[in-house]
Amino acid sequence: MSLTVVGSVAFDAIETPFGKTDKIIGGAATYISLASSYFTKDVNLVAVVGGDFPKSDIQLLQDHSVNTEGLQIKEDEKSFFWSGKYHYDLNSRDTLVTELNVLEHFDPIIPDSYQGCEFLMLGNLSPQVQKLTIERLKERPKLIVMDTMNFWMDIALEPLKETIAMVDVLCINDEEARQLSGEHSLAKAAKVISAMGPKYVIIKKGEHGALLVSGNELFYAPALPLEDVYDPTGAGDTFAGGFIGYLAQTKDISFDNMKRALIYGSAMASFCVQKFGTEQLVGLEHSEIQERAQKFIDLVQVEIELVS
Ligand code: AMP
């Protein structure tokens, strides 16, 4: 089933306690597209880059069968640039630079061939552009999943709330959930956010896994305790890509299937953090993904008889 992905395609410069990169390919839509490409071969990208963006990086997406017909190239402008520095625990980071550049006036164009998509992933981007993307699809997709970040809560809270009201699943991290809801308890935060519109709320907790909440139903997927984690950049987007990619592949948007999608999303994110940038998401084998998903299942599966 076809999946449309909108979001940033960017240059990132990352610093973690374990190393530093110059400008490398990044962006929410990059991570989402790569991760979801392992589940469906029908991934359609909507994004914008400047003339400085290497053709080889666009080729990389195409090599993962991502359709780039909706990727605009503004030859005379610069690509979006983000730079971040992680603290020692890797769960928190400081944004050092956000240069919107080409994203500042991004007008998302939806190619005709993308119309009729069943799944829409709104990756991190201005909420106005996310909303425009929904409005420009002639038919509402079967499932709309949205990601966002504190940056947009700080500068565009009202448009953000308008967009949140239009989606089915909101996927954000714990700190953002607290900021958006004004609640410290994540269980309460999920309720407050759900009241804004989305039937499902996913709260990502970095190395502490992810929580899926819908009404009174709850599911928790752990993160895999990895021996070596180098760079968490894009882990949340990769998680979202695995999540929606799995749903698109299995064509089932029930709560039970979302639980499985949470496991696959977590499995994909666990690859992402093992190297810098997108490096570990390139050229993965299907068997590696299955083995990784199995590790998650083994991590939490236990037979237990309740004692009387
Ligand atoms: P994550 O680590 O999952 O939060 O995602 C990091 C990615 O988000 C990086 O590759 C950045 O290029 C991208 N990013 C950071 N800030 C923004 C923003 N304000 N809008 C869109 N994308 C962003």
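Remember, it's 1-based here, ligands and their atoms both numbered in the order they're listed. Fair warning: this is a prediction, and the values are worked out from it, not measured in the lab.
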Exercise for the section: Name the orientation class of the two ring planes belonging to Tyr264 and Phe39 (parallel below 30°, tilted from 30 to 60°, perpendicular beyond 60°). Expected result: perpendicular

Handout entry: Structural part of Asp12 in contact with ligand 1, heavy atom criterion under 4.0 angstrom
Key = side chain

Completion exercise
Restricting to heavy atoms, the pick from Phe151, Tyr86, Phe11, Trp82 nearest atom 15 (C) of ligand 1 would be Trp82

Practice task
Please could you name the atoms of ligand 1 that Gly27 approaches to less than 4.0 Å, counting only its heavy atoms?
Solution key: 9 (C), 10 (O), 12 (O)

Problem - pair Leu157-Gln179: side-chain heavy atoms closer than 4.5 Å - result: no

Completion exercise
protein heavy-atom neighbour closest to atom 21 (C) of ligand 1 works out as Asn124 O, 3.2 Å

Exercise for the section: Could you tell me whether Phe53 and Phe11 have their ring centroids closer than 6.0 angstrom? Expected result: yes

Problem - Distance filter under 4.0 Å to Arg93 heavy atoms, resulting ligand 1 atoms - result: 1 (P), 2 (O), 4 (O)

Handout entry: Numbered atoms of ligand 1 (with element) below 4.0 Å of Ser8, judged on heavy atoms
Key = 13 (C), 21 (C), 22 (N), 23 (C)

Fill in the blank from the handout: Note: Val201 and Ala190 closest approach over all heavy atoms is CG2-O, 3.8 Å

Handout entry: Numbered atoms and elements of ligand 1 in range of Trp152, under 4.0 angstrom, heavy atoms
Key = 18 (C), 19 (N), 20 (N)

Exercise for the section: Could you tell me whether some N/O pair between Met149 and ligand 1 is separated by less than 3.5 angstrom? Expected result: no

Problem - Sub-4.0 Å atoms of ligand 1 with respect to non-hydrogen atoms of Ala10 - result: 12 (O)

Handout entry: Phe81 near ligand 1 by a heavy-atom separation under 4.0 Å
Key = no

Handout entry: Shared hydrophobic cluster for Ile202 and Ile253 (ILVMFWY, side-chain gaps under 4.5 Å)
Key = yes

Exercise for the section: Identify the heavy atoms of Val9 and Ala47 that sit nearest to each other, and give their distance. Expected result: CG2-CB, 3.6 Å

Practice task
Go through the side-chain N and O atoms of Asp252 and Thr250 and say whether any donor and acceptor fall under 3.5 Å apart.
Solution key: no

Practice task
Would you mind running through ligand 1 and noting each atom that sits below 4.0 Å from a heavy atom of Tyr31?
Solution key: 10 (O)

Practice task
Check whether Ile263 and Tyr220 end up in the same hydrophobic cluster, where Ile, Leu, Val, Met, Phe, Trp and Tyr are linked by side-chain heavy atoms less than 4.5 Å apart.
Solution key: yes

Problem - Phe239 near ligand 1 by a heavy-atom separation under 4.0 Å - result: no

Exercise for the section: Check the surroundings of atom CD in Glu75: do more than 12 heavy atoms from other residues, nucleotides or ligands lie under 6.0 Å from it? Expected result: yes

Handout entry: Sidechain-backbone polar pair: Ser79 side chain, Gly50 backbone, donor-acceptor under 3.5 Å
Key = yes

Completion exercise
Under 4.0 Å from one or more heavy atoms of Gly26, ligand 1 contributes atoms 10 (O)

Problem - Ligand-residue contact atoms, ligand 1 with Gly236, heavy atoms, under 4.0 Å - result: 3 (O)

Exercise for the section: Starting from atom 7 (C) of ligand 1, locate the nearest protein heavy atom and write down its residue, its atom name and how far away it is, to 0.1 Å. Expected result: Asp237 OD2, 3.6 Å

